[in-house]
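Below, chain A is the first sequence line, B the second, and so on; all start at residue 1.
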Amino acid sequence: MLRTHTCGALRKSDVGSPVTLCGWVDSKRDHGGAVFIDLRDRYGLTQVVIGPPEANESLIKQAGHVPNESVILIRGVVADRLEGKTNAKLETGEIEVRSEHFEILSASETPPFTPGQSDLPGEDLRLKYRFLDLRRKEMQQALIRRSEIIKCMRDYFAEHDFIDVETPILGRSTPEGARDYLVPSRVHPSNFYALPQSPQLYKQILMVAGFDRYVQVAKCFRDEDLRADRQPEFTQLDLEMSFVDSEDIIGLIDGLVAKTAKQVLGKDISLPLPRMTYEEAMRRFGSDAPDLRFGLEIVDVTSVAAKTDFRVFRGTADAGNFVRGINVKDAALKFSRRQIDELTAFVQQDFGAKGLAWFRVEDDGTLWSPIAKNFEPEHLAEIKELMGGEPGDLLMFLADTWEVTCKGLSGLRKRLAVELKLYEEGELNCSWVTEFPMFEKDEEAGRYVAMHHPFTAPLEEDLPLLKESPEKCRAQAYDLVINGSEAGGGTIRIHDSKVQSQVFELLGMDEETARDRFGFLLDALRFGAPPHGGIALGVDRWVMLFAGLENIREVIAFPKTQKAADMMTGAPGEVDADQLNELHLRTVSAKT
RNA sequence: GGCGCGGUAGCUCAAUUGGUUAGAGCCCCGGACUGUCGAUCCGGAGGUUGCGGGUUCGAGUCCCGUCCGCGUCGCCA
């Protein structure tokens, strides 16, 4: 090693020791007669003094001109800082290194930004110069935490007898689910591999093969539009077990959540984690990944709405739709008409709601609203009663289809919780949502599509519903939810080829198509398939949530932009005509 | 694809109703200074206001188009 210590290592007990340090020039303070350099590496910051008597004049002069972010090596002796000159902000703040030798290992040009600067540069710049951005303490901490979390997961599953098996990246496209990233084949003209959306089919095959407990940290790819918590290329902690039911998987992951929270954050989480069904989640929170850090529960007032003379409410109820609302406690005076108009526009534009009805609970307990005159006093009283309204509360309602009230009110909950700071920073609320429907209607295609994936087993008791009314059939599926974010999801799989064929049929896939696409799985299921199931955890999201961050890019070393581009490398980029020819591809003009 | 926010010096931002030569802090360059740790002081350099068009006597500011970044809806088995 060129160095004897890191920049975070030296303490008062080292005073007098000769040391050699390497690192980046974080900042320097040039006093002419002496120069102070803060030397940085990932372990910390150490103050180096280049001055007399150890250093001669030319060395001091040279030190004064070292550009920031240069990599330097210094040799010197650890010295106690003079009284009153210590720096409490630094771990190494009680000492400094008096340098007698100093050399520039690699000078830096003036960087577009420095890791220590207080104003964070724009994200495009951070992504373009990611190597500079990754020098920032926050980024280093996030990636270190990521490493810790993954290690924690690997240890946990190793302790539980899981076997790590790698599955292919070049696979076969399956039309279900997200859009695939495709890779053209050179040796098979007009044929394409697809990058895996998840190792789903392979891990099921591994169960049939008898591996019993499989785990993998798997890269997954989905070519869909991005969000703050979504990247086109992401990491799953993927696992599968044989001879298990939902309880086994949920219990296993409960243990992992508690262990990770303890090990990484020092937090105790009491087990078992709370659970609710999908039906309950939609009814009370309008979301299949409800944020349970705060209240704002949804209340259904359709029964009262049906009795009122207010046309919007009555008409909605008469049409078989719903009037549901939330009680924003103590918020009547916090929102101006203008702000409520803003919220109205929000639910209209983002969720297709027709409007937002609202009432203030007055000091005398009556409800006030521009629309209040359309209601009989006793109906207002009933609404207040149902909503648990107290003076000072603000009641907000959507009158619409079940779906729109769910989405709109869920959106309102999240937004209001942020604006009103309804939860503690650093809180980690983990829970399960279970009993998802097997299918949902695809309005465009006019058919059923699998809510999770087509290999999900129905609840035992719902098996008969598969024929009678598939939309009511519930699945043996479970999602792990952390702070309103889907942190993982899994299912018990179908291990009976007859049931599997039945599901394919329901999904509108004829036998031939099913054979063509999933023949290997159907075959496998006919040659002794153990009952099995598993789960995949979103590693990037875990890290983001455990680190209290709000953007997935902050926990990925080299993330992509919203348009799925890499600003540092320039990917995706054009390729040579030769390459295209070899792949039997021809590009079509981008603009039509 | 829709909606919204943003793009001005290397960086972070400012610039009144459209009005003179587009400013500040940091960074950078030169100089002074041995105790700083956001060093200080003096001096200096630095701009196609993302790009293209239009309106106007005059555009950073208004209009149209376009590119890029971010958020969000659709989408994400």
**Nearest-Å distance once atom P is located in both B:rC33 and B:rA14** = 39 Å
**Complete:** Hits for ring-ring contact (aromatic ring centres under 6.0 Å, His included) against A:F351, two or more places apart or cross-chain, chain-then-number order -> A:F346
**Asked** For RNA chain B, what residues of residues 563-573 of chain A have any heavy atom nearer than 4.0 Å?
**Response** A:K563, A:M567
**Prompt:** Tell me, which of residues 471-482 of chain A have any heavy atom that sits under 4.0 Å from an atom in RNA chain B?
**Reply:** none
**Message:** Assess the residue pair A:E554 and A:R126 against the criterion (salt bridge (charged side-chain N to carboxylate O under 4.0 Å, His left out)); give the C-alpha distance rounded to whole Å, side-chain angles, the decisive distance to 0.1 Å, and a yes or no.
**Reply:** CA-CA 11 Å; A:E554 301 298 322; A:R126 292 177 54 203; 3.1 Å; yes
Can you check nucleotides 1-9 of chain B for protein contacts, nitrogen or oxygen pairs under 3.5 Å, and list what you find?
{"from": "B:rC3", "atom 1": "O2'", "to": "A:Q349", "atom 2": "OE1", "distance (Å)": "3.3"}

**Request:** Could you measure between the two P atoms, the one in B:rG69 and the one in B:rC29, and give it in whole Å?
**Result:** 32 Å
**Prompt:** What's the closest nucleotide to the A:P121 side chain, out of B:rU12, B:rG71, B:rC27?
**Reply:** B:rU12
**Item:** B:rG65 versus B:rC3 - spacing of their P atoms, nearest Å
**Value:** 11 Å
**Request:** Could you measure between the two P atoms, the one in B:rG74 and the one in B:rC68, and give it in whole Å?
**Result:** 24 Å
**Prompt:** If the sugar-phosphate is the primed atoms plus P, OP1 and OP2 and the base is the rest, what is the B/S/- string for nucleotides 34-41 of chain B, using protein heavy atoms under 4.0 Å?
**Reply:** BBBBSB--
**Request:** Using the six-membered ring wherever Trp is involved, compare the ring planes of A:Y278 and A:F436 and label them parallel, tilted or perpendicular (cut-offs 30° and 60°).
**Result:** tilted
**Asked** If we only count heavy atoms from C-beta on, is the A:I253 to A:L480 side-chain gap below 4.5 Å?
**Response** yes
**Rounded C1' spacing from B:rG46 to B:rU12 in Å** = 16 Å
**Message:** Taking donor-acceptor contacts at under 3.5 Å, does the side chain of A:R230 reach the base of B:rC76?
**Reply:** yes
**Under-4.0 Å salt bridge between A:D291 and A:K414** = no
**Complete:** Taken to the nearest whole Å, CZ/A:R553 to C1'/B:rC70 is 7 Å
**Complete:** Atom CD of A:Q200 and atom P of B:rC76 are separated, to the nearest Å, by 17 Å
**Item:** Electrostatic pair A:R338:A:D341 at N-O distance under 4.0 angstrom
**Value:** no
**Aromatic ring pairing A:H453/A:F455, orientation class (parallel under 30°, perpendicular over 60°, tilted between)** = tilted
**Message:** In this structure, how many angstroms lie between the P atom of B:rC75 and the CZ atom of A:F221, rounded?
**Reply:** 24 Å
**Request:** Sticking with atom C1', work out how far B:rU21 lies from B:rA15, rounded to a whole angstrom.
**Result:** 14 Å
**Item:** Rounded interatomic separation in angstrom, taking CG from A:D180 and P from B:rC76
**Value:** 13 Å
**Prompt:** In terms of side-chain heavy atoms, does A:R29 have a donor or acceptor partner in A:Q47 at a distance below 3.5 Å?
**Reply:** yes
**Asked** Should B:rG44 form a Watson-Crick or G-U wobble pair with both distances under 3.5 Å, which nucleotide is its partner?
**Response** B:rC28
**Message:** Nearest to the A:F351 side chain among B:rC73, B:rG71, B:rC27, which nucleotide is it?
**Reply:** B:rC73
**Prompt:** Which one is paired to B:rC3, where only Watson-Crick or G-U wobble pairs with both distances under 3.5 angstrom count?
**Reply:** B:rG71
**Item:** Nearest-Å distance for atom pair CD1/P, residues A:I552 and B:rU72
**Value:** 12 Å
**Prompt:** Counting only side-chain N and O atoms of A:T110, is one of them less than 4.0 Å from OP1 or OP2 of B:rC27?
**Reply:** no
**Prompt:** Looking at side-chain heavy atoms only, is the closest gap between A:R222 and A:R179 below 4.5 Å?
**Reply:** no
**Message:** Less than 4.0 angstrom from a charged side-chain N to a carboxylate O is my criterion; do A:K85 and A:E83 meet it?
**Reply:** no
**Prompt:** Ignoring hydrogens and angles, are the base of B:rC11 and the side chain of A:R126 linked by a donor-acceptor pair under 3.5 Å?
**Reply:** no
**Salt-bridge criterion met for A:E279 and A:R474 (N-O under 4.0 Å)** = no
**Message:** Using the C1' atom as the point on both nucleotides, what is the distance between B:rG44 and B:rU49, in whole Å?
**Reply:** 24 Å
**Prompt:** Should B:rU17 form a Watson-Crick or G-U wobble pair with both distances under 3.5 Å, which nucleotide is its partner?
**Reply:** none
**Nearest-angstrom distance, P atom, B:rG38 to B:rG1** = 48 Å
**Request:** For this output row, return yes or no: ring centroids of A:Y202 and A:Y214 closer than 6.0 angstrom.
**Result:** no
**Message:** How many whole angstroms separate atom CG of A:L125 from atom P of B:rC70?
**Reply:** 13 Å
**Request:** Could you check A:E176 against A:Q117 and say which one's nearest nucleotide on RNA chain B is further toward the 5' end?
**Result:** A:Q117
**Message:** Rounded to whole Å, how long is the line connecting atom CG of A:D229 with atom C1' of B:rU72?
**Reply:** 11 Å
**Request:** Sort and list the pairs that fulfil salt bridge (Lys or Arg N to Asp or Glu O under 4.0 Å) and have at least one residue in residues 230-240 of chain A, not counting sequence neighbours.
**Result:** A:K203-A:D238, A:K203-A:E240, A:K219-A:E233, A:E233-A:K560, A:E240-A:R493
**Request:** Assign the ring pair A:F518 / A:F504 to parallel, tilted or perpendicular, where the plane angle (0 to 90°) is split at 30° and 60°.
**Result:** parallel
**Message:** Does A:Y448 form a side chain to side chain contact (heavy atoms under 4.5 Å, CB included) with A:E471? I'd like the steps, not just the answer.
**Reply:** CA-CA 8 Å; A:Y448 290 114; A:E471 72 281 357; 2.9 Å; yes
**Complete:** Between CZ of A:F113 and C1' of B:rC28 the distance, given in whole Å, is 17 Å
**side chain to side chain donor-acceptor pair (under 3.5 Å) evaluation trace for A:D41 with A:T6** = CA-CA 7 Å; A:D41 63 16; A:T6 69; 4.6 Å; no
